[in-house]
2 protein chains.
Amino acid sequence: MIKKYKILVADDDLDILEIIKFNLERNGFDVTVTNKSTETYELALKIKPDLILHDVMMPEMDGFQVCRKVKHSEVLKNIPFVFLTARNEEHSEVQGFDLGAEDYIAKPIKPAALSTRLKTIIKRYVKEEELPNLNVGIFKIDRDSYVVYKNEEPISLPKKEFELLYILAGSPGKVFSRDDVLARVWGNDVYVGERTVDVHIRKIREKIGEDFITTIKGVGYKFIA
Amino acid sequence: MIKKYKILVADDDLDILEIIKFNLERNGFDVTVTNKSTETYELALKIKPDLILHDVMMPEMDGFQVCRKVKHSEVLKNIPFVFLTARNEEHSEVQGFDLGAEDYIAKPIKPAALSTRLKTIIKRYVKEEELPNLNVGIFKIDRDSYVVYKNEEPISLPKKEFELLYILAGSPGKVFSRDDVLARVWGNDVYVGERTVDVHIRKIREKIGEDFITTIKGVGYKFIA
DNA sequence: TGCCGTGTTAATGTTACTTTAATATTAATA
DNA sequence: TATTAATATTAAAGTAACATTAACACGGCA
């Protein structure tokens with residue numbers, strides 16, 4: 001499962017919203033938009049975005065007000081808040097605003113740059129939980145190199161097979177239903193058939209041997225060490 | 001990656017700020033400006049500039065006061081602090097000020113000269129971290145000469161190819177995503193497409209041989225020793 | 001000025017991974 | 001052992017990811 005970052009975008013210009021949404025989604029973000037800054041806070045509470053991208057100049061509430069409100073919320077205050085500013089607006093005003101370490105992006109927006117920039121900002125905040133390498137029985141499962149060692153023999157697995165084995169081997173003996181596996185390897189919003197899991201299990205068994213993953217009929221699969 | 005130096009500029013004249021900002025940015029600096037000397041210190045704490053360029057004569061706090069404050073901060077005291085002085089101000093006053101090894105620049109400013117001058121000053125302070133040469137398997141990667149030796153055979157690589165190989169070979173076996181590579185070789189604020197990495201990998205493989213960089217589909221590339 | 005080397009992009013080709021669907025096999029149980 | 005449900009197996013279709021090539025832009029330099 002590739003972590004899909006959620007971005008909340010607020011701008012009163014519907015065209016800009018459209019452009020941003022289109023481009024970010026094409027780059028694998030999960031995008032929610034609003035054209036009313038009064039809604040930003042409620043929306044943020046609801047969807048818990050990984051980043052808020054907010055126009056500075058908006059009717060009713062400006063970006064600074066929204067930012068302050070967000071930063072006073074226990075739940076939301078750790079979400080990076082990025083300002084969108086028109087080129088001729090006062091950048092210094094943004095810079096002077098006590099943002100913690102917030103950032104700002106100037107319009108007009110360069111789509112290619114935007115995704116990269118946001119990813120960088122998110123990564124700075126959300127320190128990816130480092131998933132540990134595993135040592136289970138005769139197997140060593142090494143995420144750094146995407147290689148599984150059976151005793152000393154290196155076996156290279158493609159992504160899905162690797163992640164599936166990683167989940168199973170992470171809790172040896174525990175049975176995972178196909179639904180569990182799909183949720184954890186494919187993610188909660190990807191819908192593929194359950195038989196797909198069977199096929200991947202087949203591939204893994206071919207590569208690491210038949211004796212390490214057992215089937216519990218009517219339940220699912222488990223890894224045995 | 002070319003290190004992009006951050007300059008913090010303080011001057012009460014907005015026109016001068018504009019000119020300086022424009023010219024420094026054109027020369028590849030990352031520029032933050034303020035027209036309030038009372039803000040300099042806070043801003044510096046926030047953005048950690050590589051150099052502070054500060055007008056001497058400013059309302060509220062003059063440059064000397066700001067400089068003193070900065071030099072008393074554990075975090076900031078190693079940042080070079082450069083004074084901007086009007087031609088008819090007392091240079092001797094600046095020279096007499098106990099600056100450590102600070103510098104000053106006289107207005108009116110010659111844009112072309114400015115960038116060069118600042119670069120020189122920064123380099124004097126910021127001793128570039130010395131990256132070590134690598135010996136990995138049959139390869140020797142020599143930063144001094146930008147040459148890769150495969151056994152004894154010297155292979156000359158252009159900059160980007162060299163840096164890319166250097167990153168990969170620096171952690172043999174570890175998989176680097178294209179994003180990782182872009183961040184580390186191109187830097188966090190340069191936006192080129194991911195396919196660019198593929199092309200460079202191609203060039204490197206052509207030169208050092210096909211068997212040393214492996215592709216992990218869906219993940220990235222790794223160097224094997 | 002024109003050429004060469006480097007870096008980037010875009011277009012196209014190719015590979016191999018993923019998913020599905022069809023069929024076979026196995027296990028439970030009556 | 002016949003029936004059924006569940007899983008295994010396989011091949012084929014679909015797709016995503018990567019490889020390759022060519023074209024262009026740009027700067028340095030003869």
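Computed from a predicted structure; not experimentally measured.
For A:Tyr146 and A:Glu163, the side-chain atoms include at least one donor-acceptor pair closer than 3.5 Å. A donor-acceptor contact under 3.5 angstrom links the side chains of B:His54 and B:Thr40, judged on distance only. Judged by distance alone, the side chains of A:Asp142 and A:Asn133 do bring a donor and an acceptor atom under 3.5 Å apart.
Regarding contacts with the backbone of D:dT7, every side-chain N or O of A:Thr215 stays at 4.0 angstrom or more from both OP1 and OP2. Between D:dA19 and B:Arg202, no contact under 4.0 Å exists linking OP1 or OP2 to a side-chain N or O. Contact check, B:Tyr221 against D:dA17: no side-chain N or O comes under 4.0 Å of OP1 or OP2. For the OP1/OP2 pair of C:dT8 and a distance below 4.0 Å, the side-chain nitrogens and oxygens of B:Trp186 include at least one atom meeting the criterion. In this model, the phosphate group of D:dA17 is not approached by any side-chain N or O of B:Arg178 to a distance below 4.0 Å at OP1 or OP2.
Aromatic ring centroids of A:Phe176 and A:Phe223 lie 6.0 Å or more apart.
With contacts defined as side-chain heavy-atom distances shorter than 4.5 Å, the pair A:Val181/A:Tyr221 does not qualify.
For the pair B:Glu206 CD and D:dT21 P, the computed distance is 8 Å after rounding to whole Å. Between the CD1 atom of B:Ile201 and the P atom of D:dC18 there is a distance of 11 Å, rounded to whole Å. B:Leu164 places its CG atom 14 Å from the C1' atom of C:dT6, with the value rounded to the nearest Å.
Taking for each of B:Leu157 and B:Glu194 the nucleotide of DNA chain C with the nearest heavy atom, the 5'-most of the two is the partner of B:Leu157. Residue order along DNA chain C, read from the 5' end via each residue's closest nucleotide, puts A:Lys207 first among A:Arg195 and A:Lys207.
Looking at the side chain of B:Thr196, the nearest of the listed nucleotides C:dT20, C:dT8, D:dT9 is C:dT8. In this structure, the nucleotide among D:dA8, D:dA19, C:dG7 sitting nearest to the side chain of B:Asp198 is D:dA19. The listed nucleotides are C:dT18, D:dT7, C:dG7; the one nearest the side chain of B:Lys160 is C:dG7. Looking at the side chain of B:Val199, the nearest of the listed nucleotides D:dT20, C:dT19, C:dT18 is D:dT20.
One can find a donor-acceptor pair under 3.5 Å joining the base of C:dT26 and the side-chain atoms of A:Lys217.
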